Amino acid sequence: MVDDKEIKATISPFAIRGGEIKVFDGKDGYVSMNQIIHRINIGHINDLHFAIIELVNEFEFITSRQLLQMLEWKNIEVGSQDKLNNKLEQLVKTKVLTRYYFDSEDGKGIYRIYCLEKMGKYLLNSRGTDCKWQPTDNTKPVPMIKKRLAGNQTLIAYLRKVKAFDSYTPKPAFTAKQQGKVFKASGGSVKLTKNSKSIQFVFEVIRRESEWEKKLVDKMRLYKDFYENFQAGDSGYMSLPQLILICEDERHMAETFKIIVVNGLEISNIKLYYTTDLRQNEETLAKTLVEFKLDEETKKYKMENIEVKLLGI
C-alpha cells in the first residue's frame, strides 16, 4: 500500500467531478443463504471476512484502501492490498457486499466503493451485530457517498497519526434545540485524550455539489443552533466539541468561509477551523488546520495555518 506521504495527488479523489455518476460494479443474480452457510462451514468465509463486513457496516461506504488501513489499525492480519481485494471479491460474488465506482466526463474513478448487501445484514444479525442497513441506503447520491469517504479518510488519519487519539464515531448525532431537528456530522468525530483531559473534534464535510452553498447555509444553521444553545450533556457531550469543516481544496476553504460570514453564520462560542482532504496525507496533522483571521490594518480576512501540538505524533 502506498503511504500517505507518497501520494502526489493535486486534486482530492473525493472532490466532486463534472457529470459524475455512480456505476454498479457488483454481481447480478441470486445467491441463497444455504450457499453462504456452506462457504462458512468449509472455511471459505472466515473471521477475516466477518471483520471486513463489520467495518463496511460501521462506515456504510468505504474504499478497499480505507478497509486495509482500518484492519491494520485493529491488528488484524491481512497480508497485502491484493489479498484484501481477493477477500472483497469473494464477498461481492456471494452478494454479502456490493461495489460501485464513479464515472464522469474525466473518466472512471480510480477506486471502488464497498457497501452492504442484504446477505451481509443477515450474517451480521445472526452474530448479534447491530445493523440498520436497508436496500435504499445503496441508492444514496454521489456527493453523500463522497462526504462519507472524505470523513473516513480524516478519521483514519487521526487514529493513525495522532498520539492523543482515543476513539472515533463515524456518525455522531446532534440536536438543534430551537429548530427541533436531529442531524448528523457528515465526517464523523474523534475523541482525543492527553493527561486525563479529553476534547472532541467534529468533522463536517463540504463538497461542491449542486446548490452546495444553500446546503452549507442550512447545515451551519443547525450547528449554530446546537452550539449557541449548548448545555453540558447535550447530544452526549459534556463540553463543546471543536467543529472542523473539511473542504475539497485550499480555494474551497475560502469560498466556504465567505458563505458563512455573508450569511451571519459564525458561531459565537467556538473558533471555526478548516482543513482539506489532501492535508490529511501529511506525515503529522499538527499543522493541517486553518483559521480565518481579521487583519486590523486592511480590515480583510486572511487564511492562517495554525499549529495544534495535540495533533502531533
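Computed from a predicted model, the values in this text were never measured in an experiment.
Two residues are said to be in side-chain contact when any heavy atoms from C-beta on lie closer than 4.5 Å; L245 and T275 fail this criterion. Counting heavy atoms from C-beta on, the side chains of L67 and L88 come closer than 4.5 Å. For the pair Y223 and V202, the minimum side-chain heavy-atom distance is below 4.5 Å. Two residues are said to be in side-chain contact when any heavy atoms from C-beta on lie closer than 4.5 Å; K197 and L192 fail this criterion. Counting heavy atoms from C-beta on, the side chains of V162 and T284 never come closer than 4.5 Å. Side-chain atoms of V261 and E266, non-hydrogen and from C-beta on, do get closer than 4.5 Å to each other. By the 4.5 Å heavy-atom criterion applied to side chains, L97 and E117 are not counted as neighbours. Side chains of D218 and L222 form no contact here, defined as non-hydrogen atoms less than 4.5 Å apart.
N41 and H38 form no side-chain donor-acceptor contact under 3.5 Å, judged by distance and modelled atom types alone. Between the side chains of H49 and Q90, at least one donor-acceptor pair of N or O atoms lies under 3.5 Å.
Residue K287 holds its NZ atom at 9.0 Å from CG of N305, rounded to the nearest 0.5 Å. We find the CD-CZ distance between Q153 and F14 to be 5.0 Å, quoted to the nearest 0.5 Å. In this structure, M119 CE and Y122 OH are separated by 7.0 Å, a value rounded to the nearest 0.5 Å. Residue N57 holds its CG atom at 10.0 Å from CG of D137, rounded to the nearest 0.5 Å. Separating the CD atom in E228 from the CD1 atom in I270 is a distance of 9.0 Å, to the nearest 0.5 Å. With rounding to the nearest 0.5 Å, the separation of OG in S126 from CE in M33 is 7.0 Å.
Ionic pairing of R148 and E60 is not present here: no N-O contact between side-chain nitrogen and carboxylate oxygen is shorter than 4.0 angstrom. In this structure, D249 pairs ionically with R208, as a charged nitrogen and a carboxylate oxygen lie closer than 4.0 Å. The existence of a salt bridge linking E250 and R279 is confirmed by a sub-4.0 Å separation between a basic side-chain nitrogen and an acidic carboxylate oxygen. Classification of K161 and E282 as a salt-bridged pair fails, no side-chain N sitting under 4.0 Å from a carboxylate O. Between D295 and K302 there is a salt bridge, since a side-chain N of the basic residue sits under 4.0 Å from a carboxylate O of the acidic one. With respect to D130 and K132, a salt bridge is recorded, a charged nitrogen being found less than 4.0 Å from a carboxylate O. A salt bridge does not link R17 to E105: none of the charged side-chain nitrogens sits closer than 4.0 Å to a carboxylate oxygen. Of the charged side-chain nitrogens involved, none lies within less than 4.0 Å of a carboxylate oxygen, so that K214 and E211 do not count as a salt-bridged pair. Checked for salt-bridge contact, R207 and D277 meet the test: a charged N lies under 4.0 Å from a carboxylate O.
With F174 as the fixed residue, the ring-ring contact (aromatic ring centres under 6.0 Å, His included) test singles out one of F226, Y227, F230: F226. A side-chain hydrogen bond (donor to acceptor under 3.5 Å, both in side chains) with S186 is found for one member of K147, E204, K171, K146 and no other, namely E204. Shown are R251, K258, H252; of these, the side-chain hydrogen bond (donor to acceptor under 3.5 Å, both in side chains) with E255 is made only by R251. For the side-chain hydrogen bond (donor to acceptor under 3.5 Å, both in side chains) with N152, the qualifying choice from Q69, R65, Q66, E58 is Q66, the only one to do so.
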- request: Please lay out, stage by stage, how Q35 and T94 fare under the test side chain to side chain donor-acceptor pair (under 3.5 Å).
  value: CA-CA 8 Å; Q35 289 173 291; T94 51; over 6 Å; no
field: side-chain contact (heavy atoms from CB on, under 4.5 Å) assessment of T175 paired with K181
entry: CA-CA 6 Å; T175 300; K181 289 185 179 180; over 6 Å; no
task: Give the intermediate values and the outcome of side chain to side chain donor-acceptor pair (under 3.5 Å) for residues Q178 and D225.
output: CA-CA 7 Å; Q178 291 188 344; D225 187 339; 5.5 Å; no
- prompt: What's the verdict on side-chain contact (heavy atoms from CB on, under 4.5 Å) for N138 and W133, showing C-alpha distance, side-chain angles and the deciding distance?
  reply: CA-CA 9 Å; N138 293 358; W133 178 90; 3.2 Å; yes
task: In sequence, state the C-alpha distance, the side-chain angles, and the governing distance for L265 and L216, and then conclude on side-chain contact (heavy atoms from CB on, under 4.5 Å).
output: CA-CA 10 Å; L265 293 170; L216 171 61; over 6 Å; no
message: Could you walk me through whether Q81 and N85 satisfy the side chain to side chain donor-acceptor pair (under 3.5 Å) test, starting with their C-alpha distance in whole Å, then the side-chain angles of each, then the deciding distance to 0.1 Å, before giving a yes or no?
response: CA-CA 6 Å; Q81 185 74 68; N85 290 344; 3.3 Å; yes
query: Which is it for V78 and L68 under the side-chain contact (heavy atoms from CB on, under 4.5 Å) test, yes or no, and what are the steps along the way?
result: CA-CA 8 Å; V78 183; L68 181 60; 4.0 Å; yes
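For an aromatic pair to be called close, the ring centres must be under 6.0 Å apart, and F257 with F292 satisfies this. The aromatic ring centres of Y273 and F201 sit 6.0 Å or more apart. For Y114 and F61, the ring centers sit 6.0 Å or farther from each other. Note: F59 and Y168 meet the aromatic proximity criterion, with ring centroids under 6.0 Å apart.
The minimum heavy-atom distance linking K140 with I145 is given by the pair O-CD1, 3.5 Å. Taking all atoms of both residues into account, the shortest heavy-atom contact from T98 to G26 is OG1-CA, 3.7 Å. Of all heavy-atom pairs between T193 and S198, the closest is OG1-OG, 2.7 Å.
Y111 and L71 fall into different hydrophobic clusters, where Ile, Leu, Val, Met, Phe, Trp and Tyr residues are linked whenever their side-chain heavy atoms come under 4.5 Å apart, directly or through other members. Under the 4.5 Å side-chain heavy-atom criterion for Ile, Leu, Val, Met, Phe, Trp and Tyr, L91 and L116 are members of the same hydrophobic cluster. Cluster annotation: I62 is connected to I246 through the hydrophobic network of ILVMFWY side chains, with a link wherever side-chain heavy atoms come within less than 4.5 Å. Hydrophobic cluster membership differs between I206 and I244, with clusters built from Ile, Leu, Val, Met, Phe, Trp and Tyr side chains linked at under 4.5 angstrom. A single hydrophobic cluster is not seen to contain both I11 and M253; linkage of ILVMFWY side chains at heavy-atom distances under 4.5 Å, directly or through other members, places them apart.
When atom types are taken as modelled, the side chain of S80 and the backbone of K83 share a donor-acceptor pair closer than 3.5 angstrom.
Y101 shares a hydrophobic cluster with I21, V23; the chain of contacts runs through ILVMFWY side chains whose heavy atoms sit under 4.5 Å apart.
Heavy-atom contacts from other residues, nucleotides or ligands closer than 6.0 Å to NZ of K215 number more than 12. More than 12 heavy atoms of other residues, nucleotides or ligands lie within 6.0 Å of CE in M303, so this atom counts as buried by the packing criterion. Counting non-hydrogen atoms of other residues, nucleotides and ligands closer than 6.0 Å to CD1 of I37 gives a total above 12. Surrounding NZ of K118 are at most 12 heavy atoms belonging to other residues, nucleotides or ligands under 6.0 Å away.
For the pair R99 and F24, the NZ or CZ position fails the cation-pi test of under 6.0 Å to the six-membered ring centre and within 45 degrees of the ring normal.
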